[in-house]
Structure formats: C-alpha cells, structure tokens
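Quick caveat, the model's predicted, so the values are computed rather than measured. Here is how names work: the chains are called A, B, and so on, in the same order as the sequence lines, proteins then strands, and each is numbered from 1.
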2 protein chains.
Amino acid sequence: MKIGELSERSGLSRDTIRFYEKNGLISSSASQSETNNYRQYSDDVLLQLRFVSSGREVGISIADLRELMKAFFASCDPSEAENVIVAKRAELKTRLEQIENVVSFLDAALVKVREGLGDT
Amino acid sequence: MKIGELSERSGLSRDTIRFYEKNGLISSSASQSETNNYRQYSDDVLLQLRFVSSGREVGISIADLRELMKAFFASCDPSEAENVIVAKRAELKTRLEQIENVVSFLDAALVKVREGLGDT
DNA sequence: CCAAACCGTGGACCATGGTCTATTGTTTTG
DNA sequence: CAAAACAATAGACCATGGTCCACGGTTTGG
C-alpha cells in the first residue's frame, strides 16, 4: 500500500510516517513503478506502526523504539535482541511501579480534599 | 532553606528548581534579608518537589502538574480540586493498562526470539 | 485531457522541558 | 578584608518529536 492508505489505517499522519521511516522505525520497499518513487508498504508495517504508536504513547523514545524494532525484525544476533527487549521490559516494569505510586499519592490527596469538603 | 540546600536535598538542579517555580509548580517565600532577594523555601516545598519529580518521571506535563499542585494546595474550590485529581488519576490508570499491553507484547516477542534461538 | 488528489524532498517552524552562560550582587569563611 | 561560594536574572542554547510549507513530479477520475 502507499503512504496515504497506511496513514488512514494507522491513524498517523503521512508526515509522521515519513518521520518514523527516516528514523529507522519502519521501512518501505522500493516503488513498484519505474516512473515514480512512491514508498510501498507491506501489511506488516501496519502492525509495526501499531506497536510504535503504543510505544510512543507510553513514552518510549524514538531511539529506543528503533532498537526494539531492530530486535524484533532485522536482528542477526538473537541474544542481543533478547537483551534489548528484556532491558526495556524491566524499564517498563519500573515505570508501572512509579505510576502506581503516583496514583496512591493522588488517592491520598483525594481523601484529604474530600475531608476538607466537610460532610459528604 | 535556600535554593542550594533544596537542590541538594531534592536532587534537582538549581536551574530546574527555578524553572519549576517560574512555572508555578512550587513557590518560595520572600527573602528574609532586606539586602538580598534570595528565595526562601519551607520544608514543605521539598515534599512538593518530590511529588513533582515523580510526576515528571511518569510523564505528567508541567502544565498538568501545575493544575495538580494548585489542587493540592492553593485551591479555594475543593470540588474543582477533586475533579482535577480524579481526572489525572483516571489518565494514569489508562496509562498503566497501556504499559501492561506493551509489556505483554514484549513478552510475546521474547518467546519468539528464544524459539529462534533454538534449543535453549 | 486536465484538474484534483496524491507523493516526494528539503527545510523551516513549533512546543516542551530543561540546561548553560553572562553578568551582577550577597554571604561566608579563612 | 578578600576570595570563594552562593544567589538572582535574562536570554541563548539544546534535544526530542513532531508538524507545516513550498515546490515539483505522478496518478487517477470524470
């Protein structure tokens, strides 16, 4: 598919897709036509973009996502790939704990706010 | 305490502390001396900074943190404060789910990578 | 056929969240 | 008392992660 369709199906703008490609998060095959140089994307790229989106949403940097994508796909060294993935997984686990802490803090704050509210 | 001590105790740089203050995340009392205009911070600010740091680490924006700090402290309208906190809490809960999804994805990826590794 | 819609590239532009650098004034301490 | 350490302000600077724009080529639908 061409970038327009990929954009539509992934929910990312054409610009963002090109930006991700330039940064090595995805890649396109060479154009099918001889007369243009339109990017051509396989269906797999759609799945990859979904992962990238999720990753971005939870705050994984472009640089780290590039490492991860490389680990998933083009890695010639599986044990290196494993390391990358394990490391990022651990990082996310830590992040989970941190968020839980903040949530607890907010819960405590809520209790106080409600107390201050009087007889509710 | 003065900014140097606060910096030391909070682990944030002086610049960052001034930046946070300028952005309304914390505030200092007027200087005690007549001859200087050094910021003077109460111990409470240290706690506030700890929360701000945690918040930043989990990706809460400066703008949102400002709202939260306002809700915790200077809010004259407790029900408004409650709304702010409840909303952010919900957002973090969503974030938790998203991260869990990404972790699951990484787990699945690990399985595949290890399969590819052969007889381990 | 030709206009609209699409694609490519390069570079400017933007917000966010700091960080660094002068420059100047204040305090502390040996 | 003088130097070192600390503080203030303003503004430049930086990385990240896009977003937008201008310009020119290609494709497609009526």
[X]: which residues meet the salt bridge (charged side-chain N to carboxylate O under 4.0 Å, His left out) condition with it, sequence neighbours left out?
| X | answer |
| --- | --- |
| B/K70 | B/E67 |
| B/K88 | B/D64, B/E91 |
| A/R18 | A/D15 |
| A/R14 | none |

Atom-pair distance ([atom1] on [X]; [atom2] on [N]), nearest Å:
| X | N | atom1 | atom2 | value |
| --- | --- | --- | --- | --- |
| B/I17 | D/dA7 | CD1 | C1' | 12 Å |
| B/L6 | D/dA8 | CG | P | 11 Å |
| B/E8 | D/dA5 | CD | C1' | 13 Å |

Legend entry - B/S10: side-chain contact (heavy atoms from CB on, under 4.5 Å) partners, not counting sequence neighbours: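 B/S10: side-chain contact (heavy atoms from CB on, under 4.5 Å) contacts with B/L12, B/I17, B/L46, B/L49.
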Inset, instruction - Using side-chain contact (heavy atoms from CB on, under 4.5 Å) as the criterion, list what pairs up with A/Q98, not counting sequence neighbours. - result: A/T94, A/R95, B/E57, B/V58
Inset, instruction - May I ask you to evaluate whether A/T35 reaches the phosphate of D/dT27, defined as a side-chain N or O under 4.0 Å from OP1 or OP2? - result: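 Indeed, a polar side-chain atom of A/T35 lies that close.
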Legend entry - Rounded to 10 degrees, the angle between the two terminal axes of the helix from C/dC1-D/dG30 to C/dG30-D/dC1, each from five pairs: 0°
Inset, instruction - Not counting sequence neighbours, list each pair that qualifies as a ring-ring contact (aromatic ring centres under 6.0 Å, His included) and has a residue in residues 44-79 of chain B. - result: A/F105-B/F51, A/F105-B/F72, B/F51-B/F72
Legend entry - Sequence-aligned protein contact record of nucleotides 7-19 of chain C, with B where the base is within under 4.0 Å of a protein heavy atom and S where only the sugar-phosphate is: SSB-------SBS
Legend entry - Set of side chain to side chain donor-acceptor pair (under 3.5 Å) partners for A/E21, sequence neighbours left out: A/S28, A/R39, A/Y41
Legend entry - Pairing residues for B/S7 by the side chain to side chain donor-acceptor pair (under 3.5 Å) criterion, not counting sequence neighbours: none
Inset, instruction - Please list residues of residues 87-97 of chain A whose heavy atoms come under 4.0 Å from any atom in DNA chain C, ordered by number; otherwise none. - result: none
Legend entry - Crowding at CD, A/E5 (>12 non-hydrogen neighbours, <6.0 Å):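 Yes, CD of A/E5 has more than 12 neighbouring heavy atoms, counting only those of other groups under 6.0 Å.
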